[in-house]
Structure formats: C-alpha cells, structure tokens
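Below is one structure, written out as structure tokens; comments come after it.
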Amino acid sequence: MTSTTPSHPRVRFAPSPTGYLHVGGARTALFNWLYARHTNGTFILRIEDTDASRNTPQALSVIFENLRWLGLDWDEGPLPDGRTIGPFGPYFQSQRKDIYEAYCKKLIDKEMAYIKEGAVLFRMPRKRIIVPDIICGDIYFDCTLEKDFVIRRKDGSFVFHLVNVVDDCEMKISHVIRGEDHLSNTPKHIAIFESLGIKPPLYAHIPLILNPEGSKMSKRDKGSSVQEYIDEGYLPKAFRNYLCLLGWSIKENREIFDIEEAIAKFDLTQIHRSNARFNRQKLLWINGEYMRTMPLDELFPHALSWLKKAGLIDDHYDNIPFLKGAIAIVREKVKTGKELIDWMKPLLSDQIEYNEAVLQQYLDNEGKNILKEAFPYLEKVSPFQAKELEETIKSLAMKNGRKTADYIHRLRVALTGRTVGPSLYPMLEVLGKEKVLYRLHKVLFEHE
RNA sequence: GACCCCAUGGUGUAGUGGUCAGCACUCCACCCUUUCACGGUGGCAGCACGGGUUCGAAUCCCGUUGGGGUCGCCA
C-alpha cells in the first residue's frame, strides 16, 4: 500500500465512548479534521471501546452528535445509522479482537513478547528512543530502565498500547495528531511498531487545554463537556472558531474567521508547544459576534430549535415572519441561545408577568396615566412601524412637556414586564399594533 | 520523586537578532444612547529570573525558578 504518502495523509480521531465529548477531545478532532481537509487527506473516526464496562450505545451517540454539531464529518468509520464507511473496518475496537490476536501471536512468535502469569508482556527494548514530533521536535527518551508492559490482560482482553498501534498500522494512519498527554506513551508505541517491522506514523502532539486554574481540564471540571455549550445555546461555528484559537493562530491580528479560511491556513508546524487555558469570556464574546452578524436565515434554524427545546413554541407554530422579526431585534442584544430564549419569552406570550417592584416603579397611577396619554396616539399610528412610532412618541412628549424616556421605559415594562429588552420602537413594530394595544389595554384599563 | 513538555500583560496570541513589544478578550473612564447590547475614544497591565553569545537580544545557548503532563492488566 502506498496510501501513506505525504501527499495524502490519513489521520484519525479515536475517542473512547465515555458518555460525553471533552472539549480537549473536540479540539483534537478539529485539528485532525483541519489537517485532513487542508491536505486533501482522509479523516477517520475510530471508536476505542475496549473497556466494555463503560461503553453504552448512548455514549456512542453522544460522540456522533457532538462531532456532527461541530461540523466535523469523517471519511471512514461508523455512522450514526449503523452503517460503516471505509475499507479498513471494523472501526470499533471491540470488533477487532481477531486482528489483535494475530498481532499478539506474531509478537510472541518473534519473541518480542512473552506470557507471564497469564498476561502477555511486551519486551521493551532497553535503549534510547527518539520521538520525532512535528510540533515539539525530536524528543529523546532514555528507555534503558523501562519495564516490560502488559499488552494483553490475563482475561484475554487487549491493552490500549497494543490496539492503538495495531489499528494505526492496519488503518494506514500516516499522522497521529493527539494530545500531549500521550507523549510519554509514544516511545512504547514506536517500540511496538519497530518490533513489528513497521515504520511508525508521524507524530504531532498538541498542547493541552487547561481549565482556568491551570491544570489539565478534566471530566470533573465544569465546562469540560461539549454538550454543555450546546445546551447553553452556543453556535457551533462560534464554538469551533474559539477552539481553533487554542494553540493555533491565523495571525494577521484577526480572531474571527470562517472554517474555510482555517482549512486553507492550517499548518501542523505552526501549532504551539505551550498549553492554553480555556477562557469562557472569550468564547462568549465570539459567540455574541456570530449571533449578531451571521445571516438571519442562518441563525433562524438554531433559534427555532432553542425555542422548541425551551417549550416556547411547538411544532405547529407557523408565524415565521413574526418569529424572524423578533429574533432579529433580540439577537442584537444577547450572546447565547439561552439568553435569546429568555428575551424572546415576553414577546411570544401575551401572559405578561409583572413583579411588584417593577409595577411600583413604572406602573403606579402616575405611570399608568402617562401611558393612557399615549394610548390613543398609538392607536392612530400608521403604518405601525419603528420610524412612525418614534415620531409619534417624540412629538407626544414634546406636546406634553415630558421626556421621551417617560413613555419609553413604561411602555417596555407594560408590554413585556421587564425593564430591559430590545430597542422599543422596533419591538413595537415587531409585536404589531394589535398585540401592543391588547397588552396595554389589559394592564391600563382592566386591572382595577 | 523520576522522565518529558512548556514559559510575551489576568487570558488567548503576533513577534524568529535592531519594533515606542502589536492585536483580541477581560477590567476601568469617557462618548453614543430609551433599557440592554453594539459601536467609538482613551487607559491599566507583559517579554519569569540569572548567566552567557553578539555591536545589539522577547527572539540563540546554559542554568535556576515556575507551570503542566506521564509514570495502570484506563484509554
């Protein structure tokens, strides 16, 4: 086979189905994917599910769903619908026992491994091993005191080091792009490759993603799971953009860029050697940027799913123009889907809740009287659009010797129950005359 | 502890011998403004330390310190 020529790299993401996708894993997947797409190579998904005790079908679907959410598609590997693509399967390690068996036997036959107490141990060569790393350079490990290690447990199952190497070899992996936490394992892997008479792949160990405290982000850490960001209403493009920034840069003093540009400029040799801390504020900022600037029609499906998930609309909801108008004015003000939902709530329901403090401050008798002044004018505004509404309120304020703010804040509170919200005039337009007058009438004339 | 990796503001980064060390997030002030947000202007804040090499080091070398990772019949 010559499929490992540099011009056509084969890389893989090999997660273990643990029930969630770690942000570090997500970035590893992203970098592998970027490299494959940049080089016109092949991106392979392999499931390292040898530890049967913690593998479940749900855990597997989380990997599928989160990778799909990130927009990372794979050229070989298992698909969510149960099919498989690619000629090097099966891509589940749990289904490759015969292959490992054969390799294990081969190592024993060559006396590179031996049986002890029922387990099979690999005979580690006592020598210096150099790991040539694309990112870190040549790294020297003195293995003269290294101990032999288990590659097959006495229960017959195979250990990570063996299966990882065998699969990379069988699947013709050309570049192993993985977290730096694997660096210390690499001499072992190279030793296995060599004892098999196979040239090891090229290695690129990427720096780790640290939590804000500065240690390796672990499953324990809040914010370590991709699913959390999905649930918070982050946009996949924004999240992916942020991930690109951890350990890599397109330079040019820009940080917001689309994935095509990232693919075009991605370069393994430009990846940093130092770890990076995960910074939510930066992520939040980036998400806000995307929220505000992406085409409304592109944001719309995301918003729709957030709203449905939150139960604010159901599958039968059909007032799309209203929804789009509302999203358009709200997205200017918020940074996540979660916030968007919260801001949309009072626009979507006529059941406005007023808390006592707000009532006293804005809708006491004086407040109501002020709004009663405005009511007949609002009735007459035509067309019921932001520009005309603004002119109406301003001239009314002038006429009555009030500040426009006197009307504006009270209107917002009366219509939404909240003191903060979208810009008023566009909001009136989006709500429409009927809803505006209905809500006003209810709070001004029906309550007592 | 051993081995390995790393080191530009609080965070992410640009910078590869000669820059007033740039950008972004955060934070602060002011402006804009109907709230909020955006936007605008300005500001605080950095080359860990010590030796070399060099006419000249953030940039090269060594050491120290600091941080991180790995040391499983987990992956």
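Protein chains get the first letters and strands the later ones, always in sequence-line order, with residue 1 at the start of each. Just so we're clear, the structure is a prediction, and the values are computed from it rather than from any experiment.
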Could you tell me whether [X] contacts a base, only the sugar-phosphate backbone, or nothing, with contacts defined as non-hydrogen atoms closer than 4.0 Å?
{"X": "A:E289", "value": "sugar-phosphate"}
{"X": "A:R273", "value": "sugar-phosphate"}
{"X": "A:G214", "value": "sugar-phosphate"}
{"X": "A:E255", "value": "base"}
{"X": "A:R254", "value": "nothing"}
{"X": "A:F149", "value": "nothing"}
{"X": "A:I139", "value": "sugar-phosphate"}
{"X": "A:S184", "value": "base"}
{"X": "A:K335", "value": "sugar-phosphate"}
{"X": "A:H272", "value": "sugar-phosphate"}
{"X": "A:T419", "value": "base"}
{"X": "A:P15", "value": "nothing"}
{"X": "A:N185", "value": "base"}
{"X": "A:I151", "value": "nothing"}

### Task
For side chain to side chain contact (heavy atoms under 4.5 Å, CB included), just list the numbers for A:K442 and A:Q351, CA-CA rounded to whole Å, side-chain angles, deciding distance to a tenth of an Å, and then say yes or no.
CA-CA 10 Å; A:K442 202 162 155 183; A:Q351 303 303 313; 4.1 Å; yes
Calculate the interatomic distance between [X] atom [atom1] and [N] atom [atom2]; express it in whole Å.
{"X": "A:M427", "N": "B:U33", "atom1": "CE", "atom2": "C1'", "result": "17 Å"}
{"X": "A:Q281", "N": "B:A37", "atom1": "CD", "atom2": "P", "result": "14 Å"}
{"X": "A:L424", "N": "B:A37", "atom1": "CG", "atom2": "C1'", "result": "15 Å"}
{"X": "A:I250", "N": "B:G12", "atom1": "CD1", "atom2": "P", "result": "18 Å"}
{"X": "A:L208", "N": "B:C5", "atom1": "CG", "atom2": "P", "result": "14 Å"}
{"X": "A:Y140", "N": "B:A2", "atom1": "OH", "atom2": "P", "result": "23 Å"}
{"X": "A:F92", "N": "B:A75", "atom1": "CZ", "atom2": "P", "result": "17 Å"}
{"X": "A:I135", "N": "B:G68", "atom1": "CD1", "atom2": "P", "result": "21 Å"}

Please tell me if [X] has a side-chain N or O lying less than 4.0 Å from either OP1 or OP2 of [N].
{"X": "A:H189", "N": "B:A75", "result": "no"}
{"X": "A:K188", "N": "B:C71", "result": "no"}
{"X": "A:K251", "N": "B:G15", "result": "yes"}

I'd like the [atom1] distance from [M] over to [N], given in whole Å.
{"N": "B:C27", "M": "B:G18", "atom1": "P", "value": "36 Å"}
{"N": "B:U34", "M": "B:C28", "atom1": "P", "value": "23 Å"}
{"N": "B:C47", "M": "B:U8", "atom1": "P", "value": "11 Å"}
{"N": "B:C55", "M": "B:C23", "atom1": "C1'", "value": "32 Å"}
{"N": "B:G22", "M": "B:U16", "atom1": "P", "value": "14 Å"}
{"N": "B:C31", "M": "B:C38", "atom1": "C1'", "value": "14 Å"}
{"N": "B:G52", "M": "B:U59", "atom1": "P", "value": "15 Å"}

Output the single nucleotide from [options] whose closest atom is nearest the side chain of [X].
{"X": "A:F141", "options": "B:C5, B:U13, B:C3", "value": "B:C3"}
{"X": "A:V420", "options": "B:G68, B:C73, B:U35", "value": "B:U35"}
{"X": "A:F160", "options": "B:C25, B:A75, B:C5", "value": "B:A75"}
{"X": "A:K154", "options": "B:C73, B:C5, B:U70", "value": "B:C73"}
{"X": "A:S16", "options": "B:A75, B:C3, B:G68", "value": "B:A75"}
{"X": "A:D181", "options": "B:A37, B:U70, B:G68", "value": "B:U70"}
{"X": "A:E117", "options": "B:G68, B:C73, B:G22", "value": "B:C73"}
{"X": "A:S274", "options": "B:C25, B:G68, B:C6", "value": "B:C6"}
{"X": "A:A119", "options": "B:G22, B:C73, B:A75", "value": "B:C73"}
{"X": "A:K333", "options": "B:U35, B:G68, B:A75", "value": "B:U35"}

### Task
Name the pairing partner of B:C71, where a pair is Watson-Crick or G-U wobble with both distances under 3.5 Å, or state none.
B:G1
#### Entry: Nucleotide forming a Watson-Crick or wobble pair with B:C23, both distances under 3.5 Å
B:G12
### Task
Could you tell me if the ring centre of A:W248 sits under 6.0 Å from that of A:F266?
yes
### Task
Compute the centroid of each ring, for A:Y407 and then for A:Y362, and state whether the two points are separated by less than 6.0 Å.
no
### Task
Decide yes or no for A:E170 and A:R96: does some side-chain heavy atom of the first lie under 4.5 Å from some side-chain heavy atom of the second?
yes
Between [Y] and [X], is the closest basic N to carboxylate O distance under 4.0 Å?
{"X": "A:E76", "Y": "A:R10", "result": "yes"}
{"X": "A:D258", "Y": "A:K237", "result": "no"}
{"X": "A:E429", "Y": "A:K387", "result": "no"}

### Query
Distance only, no hydrogens: is a donor on one side chain within 3.5 Å (strictly under) of an acceptor on the other, for A:Q93 and A:E48?
yes
Any N or O donor-acceptor pair linking the side chain of [X] to the base of [N] at under 3.5 Å?
{"X": "A:R418", "N": "B:U35", "result": "no"}
{"X": "A:S423", "N": "B:U35", "result": "yes"}
{"X": "A:N279", "N": "B:G12", "result": "no"}

### Query
Only one of A:F160, A:F122, A:Y203 clears ring pair (Phe, Tyr, Trp, His ring centres under 6.0 Å) with A:H189; which?
A:F160
